[in-house]
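Beneath this line is the structure, given in structure tokens, with notes to follow.
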Amino acid sequence: MSATPAVGPSNYLVCASQRSGSTLLVESLSATGVAGTPEEFFQYFASSSQAPQPREWFAGVTDPTILELLDPIDPGTVDVRDADTWRADVLDAGSSDNGVWGGKLMWNQTPLLIARSRAGSGSLRTAIRWIFDGADPLYVHVYRDDVVPQAVSMWRAVQTRVWRNDGSDGDEGSGDDVAVYHAAGIAHLAGILLEQERQWRNWFAEEGIEPLDIGFRDLVNDPTKAAARVLEKIGQDPALAPPPPLKPQSNSRSKEWAQRYREDAERNGYPL
């Protein structure tokens, strides 16, 4: 595998928030064998070599009824790679044999990307272009209009630390029944997710970027078509888009929690 993929529109970056459906899209693209091997390469703190841990999502929260449901923080190990080594590793890990690179970036991960790069200006776009020798990738914006099921899904995930049951980022299997409903915990995450989506939309507008928009419902209803749209944009055969490699599962518990949260949110002024 080449560590230096082709520049320009043959590289793509999926811009999303957690539980938005992005995993279903990148798993489909990865399965083609010609669209890179996209992962969340930018989620790991250099101080711990780990993605944000459950309690780190609740920094500043003091409610013991929330914190007692979340695992304590593991200090991890420091990542000592310099910027150039880290960049080479990211390019290698995200590239398919034809040189196409794919990756996924959540808004909360943008400070990590900027810190890792040599973007002295603190600019996100400069940091992204640094990875690709000054070029922009194709920006793919995956979004979810309804934050309630998204936040419910994330609340369950931070409790169970199971993030990829079926790849839909939106529906859980039956293996996470230890999760406990907590309206304030869901509300905290709903606020974070709403802010992430607002930041993405503002950033695209400020930078004059017109991303390839893919909504959650369209993605879940026809993941093959969604993958084909990306393939076409990066110069690959859209006919290579596979049947969905991961199948979403309806979960009555999640739906019940979403309805329960809507009622609690109306009473308490929580985000909707």
Side-chain angles (χ1 to χ4, degrees), residues 16-23 40 42-77 104-112 115 142-200 216 248-272:
S17 58
Q18 289 74 16
R19 323 309 283 175
S20 62
S22 58
T23 298
E40 286 182 55
F42 312 111
Q43 66 177 322
Y44 303 103
F45 290 111
S47 59
S48 66
S49 301
Q50 297 191 47
Q53 298 176 59
R55 292 196 182 197
E56 289 176 315
W57 284 107
F58 289 83
V61 172
T62 59
D63 185 342
T65 66
I66 293 176
L67 299 180
E68 69 186 8
L69 298 173
L70 306 173
D71 287 346
I73 292 176
D74 176 357
T77 58
K104 182 164 60 164
L105 178 67
M106 308 300 190
W107 185 264
N108 69 294
Q109 299 162 8
T110 58
L112 305 180
V142 175
Y143 64 92
R144 190 167 184 172
D145 286 327
D146 189 350
V147 77
V148 172
Q150 186 179 5
V152 165
S153 177
M154 189 171 177
W155 172 241
R156 297 182 72 170
V158 296
Q159 288 185 72
T160 62
R161 307 192 82 160
V162 176
W163 292 90
R164 295 175 64 173
N165 283 315
D166 62 17
S168 74
D169 277 351
D171 300 283
E172 299 80 23
S174 60
D176 64 347
D177 286 346
V178 297
V180 176
Y181 176 86
H182 197 300
I186 296 170
H188 176 81
L189 295 174
I192 290 174
L193 294 169
L194 286 168
E195 178 63 12
Q196 287 202 59
E197 180 58 24
R198 187 185 73 84
Q199 293 282 7
W200 275 127
F216 173 82
Q249 300 175 15
S250 177
N251 186 285
S252 60
R253 193 177 187 211
S254 292
K255 293 175 182 177
E256 290 168 3
W257 282 16
Q259 181 56 39
R260 184 176 173 186
Y261 174 77
R262 291 182 201 282
E263 295 169 359
D264 286 336
E266 289 290 344
R267 285 193 296 268
N268 298 298
Y270 293 150
L272 284 168

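Keep in mind that what you see is a predicted model, and the values were worked out from it rather than measured. We count residues from 1, following the sequence as given. The figures here come from the full heavy-atom set of this structure, side chains too, leaving out hydrogens, waters and symmetry mates.
The aromatic rings of Trp257 and Tyr181 sit perpendicular, their planes meeting at an angle over 60°, well past the 30° parallel limit. Aromatic ring pairs are classed by plane angle as parallel below 30°, tilted from 30° to 60° and perpendicular above 60°; the pair Tyr270 and Tyr261 is parallel.
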Apply side chain to side chain contact (heavy atoms under 4.5 Å, CB included) to the pair Val142 and Trp200, showing each step before the final yes or no. CA-CA 10 Å; Val142 175; Trp200 275 127; over 6 Å; no

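Looking at Arg144, its side chain never comes within 3.5 Å of a backbone N or O of Gly21 through a donor-acceptor pair. For Arg55 (side chain) and Leu70 (main-chain N/O), a donor-acceptor pair under 3.5 Å exists by modelled atom type. Under the 3.5 Å distance criterion, the side-chain polar atoms of Ser49 are matched with a main-chain donor or acceptor of Thr77. Within the 3.5 Å criterion, the main-chain N or O of Trp107 finds a donor-acceptor partner in the side chain of Gln196.
Glu195 pairs by the salt bridge (charged side-chain N to carboxylate O under 4.0 Å, His left out) definition with Arg198, not counting sequence neighbours. Judged as a side chain to side chain donor-acceptor pair (under 3.5 Å), and not counting sequence neighbours, Glu68 has no contacts. Scored by the salt bridge (charged side-chain N to carboxylate O under 4.0 Å, His left out) test, Asp63 finds no partners at all (sequence neighbours excluded).
Using a 4.5 Å heavy-atom threshold, the side chains of Gln43 and Met106 count as separate. You'll find the side chain of Glu266 reaches within 4.5 Å of the side chain of Leu272, heavy atoms only. Between Gln18 and Asn108 the shortest side-chain heavy-atom distance falls below 4.5 Å. In this structure, His182 and Gln159 have side chains that are not in contact, with every pair of non-hydrogen atoms separated by 4.5 Å or more.
Closest heavy-atom contact between Pro75 and Gln50: C-NE2, 4.3 Å. Summarising the geometry of Ser20 relative to Ala16, their closest heavy-atom pair is OG-CB, 3.5 Å, with the distance given to 0.1 Å.
Rounded to the nearest 0.5 Å, atoms CG (Asp145) and CD (Glu197) are 8.0 Å apart. Put simply, CD1 on Ile186 and CD on Gln150 are 12.5 Å apart, with the number rounded to the nearest 0.5 Å.
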